[in-house]
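Shown next, in structure tokens, is the structure this report addresses.
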Amino acid sequence: MHLHIVSFNVPYPADYGGVIDVFYRVKTLYEAGAQVHLHCYTYGRPEAKELELYCVEVNYYRRETTLGHAMHKRPYIVDSRCSKELLQRLMADDYPVLLEGLHCCWLLEEIRKADTARHRVVMVRAHNVEHEYYRRLAAVERRCLRKLYLVSDARKLQRYETVLLQADAVLAVTQADADHFRQMGCKEVLLMPSSHHHTELQCQQGRGEYALYQADLSVPENVAAVKFLVTQVFAKCQHRFVVAGRNPGKELCQLIAKNERVTLVANPSDEHMDRLIADAQVNIMVTQQPTGLKLKLLHALYCGRHCLVNQHMVAGTQLGSLCCVADQPDQLLQQLDRLMSTDFTEQDISNRRQILFDNYSNKTNARKLMDLVNKLTSL
């Protein structure tokens, strides 16, 4: 089976949510025998030789990020990825196409315009319900110009989302997202959780000595989560806490420094972060974004002990049964006290293994996708 995959960015190194999903999808499809023709938009990330190990070909296209694209009626993330060179390359054969994200759907518009007697199979991987994601980003953004951009593009994204009705299938990350696309009237919607690098559980039994919050600490949503946890939860109990992540700002560093029970680990290596996750007694994760599947939650479930999350963290997934779920500060405090004194057991690991391997396996996802492609191309 030959398949074109168009990625919104260069998916290697696989070091943040969306590109992790793309890279491990490509890798697993290759291992399943698919012939992947990969196309990558570039901006801020170099070409990656590693991708050639898993693809028949890898082509790169410059994303045009000038201000004029923000003025177009299309969303900026779409209009800045209008590549005629890429379109011509796709039209040179009849292989099915997977577009990674609404970002790449200018190609869907153009392919449908060019359709002749033979219908070209085009699928879209929806990493989020994008307009909902942008609205929630705007809600926590403090920079005025950035907030205006997010609000404006949320409106554009909601209008533009109807382009998905032209796709043969939409691949949704969560059940909630799948329900949204079905209600829109999309032709076929497949629930396909994010791909990831885990193949086996590496959780440790027993008990750790601290609770961990980890995230990219330069992202406003994550900064808001840390402020909430430090002031409303960590400051009100006697446990030891670690906050770890990339590029914490001065204000966040000062806030954490005021609480002697909270340690900040700035810019840890991947290996150090993995140790922090594995050694923690509780991995605590809260978010105000109920959209998408949080890959850091999957990472903690595969590698860590207890997971304490809010409802938004597990919305639309089957992972709530593997976590302790609490939303209000007093509920989080109560559950944190309980989990810090509760051993993580072999039975806990067994429960995780069954649900994760049955529902969040890369191999299962690859087989679903290949079966869908075979079905669509045979119609």
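A quick note: this is a predicted structure, and the numbers were derived from the prediction, not measured.
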Do [Y] and [X] meet the salt-bridge criterion of a basic N to acidic O distance under 4.0 Å?
X: Asp371; Y: Lys368; result: no
X: Asp168; Y: Lys375; result: no
X: Glu64; Y: Arg81; result: no
X: Lys363; Y: Glu31; result: no

Co-membership, hydrophobic cluster, residues [X] and [Y], 4.5 Å side-chain:
X: Val233; Y: Met313; answer: no
X: Val163; Y: Leu90; answer: yes
X: Tyr134; Y: Phe181; answer: yes
X: Leu3; Y: Tyr95; answer: no
X: Val36; Y: Phe8; answer: yes

Distance from [X] atom [atom1] to [Y] atom [atom2], nearest 0.5 Å?
X: Ile349; Y: Gln204; atom1: CD1; atom2: CD; answer: 9.0 Å
X: Leu301; Y: His306; atom1: CG; atom2: NE2; answer: 12.5 Å
X: Tyr24; Y: Lys27; atom1: OH; atom2: NZ; answer: 7.0 Å

Any heavy-atom pair between the side chains of [Y] and [X] that's under 4.5 Å?
X: Cys323; Y: Leu297; answer: yes
X: Gln158; Y: Arg135; answer: yes
X: Arg207; Y: Met340; answer: no

* Which heavy atom of Ala114 sits nearest a heavy atom of Met91, and at what distance? ->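 Residues Ala114 and Met91, closest heavy atoms: CB-CE, 3.7 Å.
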* Where is the tightest heavy-atom contact between Gly320 and Val325, given as atom of each residue plus distance? -> O-CG2, 4.1 Å
Looking only at atom types and distance, does a side-chain atom of [X] sit under 3.5 Å from a main-chain N or O of [Y], one as donor and one as acceptor?
X: Gln281; Y: Leu339; value: yes
X: Asn267; Y: Asn247; value: yes
X: Asp153; Y: Tyr76; value: yes
X: Asp348; Y: Phe344; value: no
X: Asn310; Y: Thr287; value: yes
X: Arg305; Y: Ala280; value: yes
X: His198; Y: Glu200; value: no
X: Asp343; Y: Thr345; value: no
X: Lys147; Y: Glu141; value: yes
X: Tyr12; Y: Ala48; value: no

* Would His2 and Gln35 count as having a side-chain donor-acceptor pair, cut-off 3.5 Å? -> no
* Asked: Can Tyr210 and Arg261 be counted as having a side-chain donor-acceptor contact under 3.5 angstrom?
  ->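 Side chains of Tyr210 and Arg261: no pair found under 3.5 Å.
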* Determine, step by step, whether Arg352 and Leu201 satisfy the side-chain contact (heavy atoms from CB on, under 4.5 Å) criterion, reporting the C-alpha distance in whole Å, the side-chain angles of both residues, the deciding distance to 0.1 Å, and the verdict. => CA-CA 8 Å; Arg352 281 191 187 178; Leu201 265 68; 3.6 Å; yes
Surrounding [atom1] of [X] (heavy atoms of other residues, nucleotides or ligands, distance under 6.0 Å), is the total greater than 12?
X: Tyr30; atom1: OH; result: no
X: Glu346; atom1: CD; result: yes
X: Arg62; atom1: CZ; result: no

Check residues 234-245 and write down every donor-acceptor pair under 3.5 Å in which the side-chain atom is one partner and the other belongs to a residue at least two apart or another chain.
residue : atom : partner : partner atom : Å
His239  : NE2  : Asp337  : OD1          : 2.6

* Asked: Do the ring planes of Tyr54 and Phe23 sit parallel (below 30°), tilted (30 to 60°) or perpendicular (above 60°)?
  -> perpendicular
* Plane angle bin for His4 and His39 - parallel if under 30°, tilted between 30 and 60°, otherwise perpendicular -> tilted
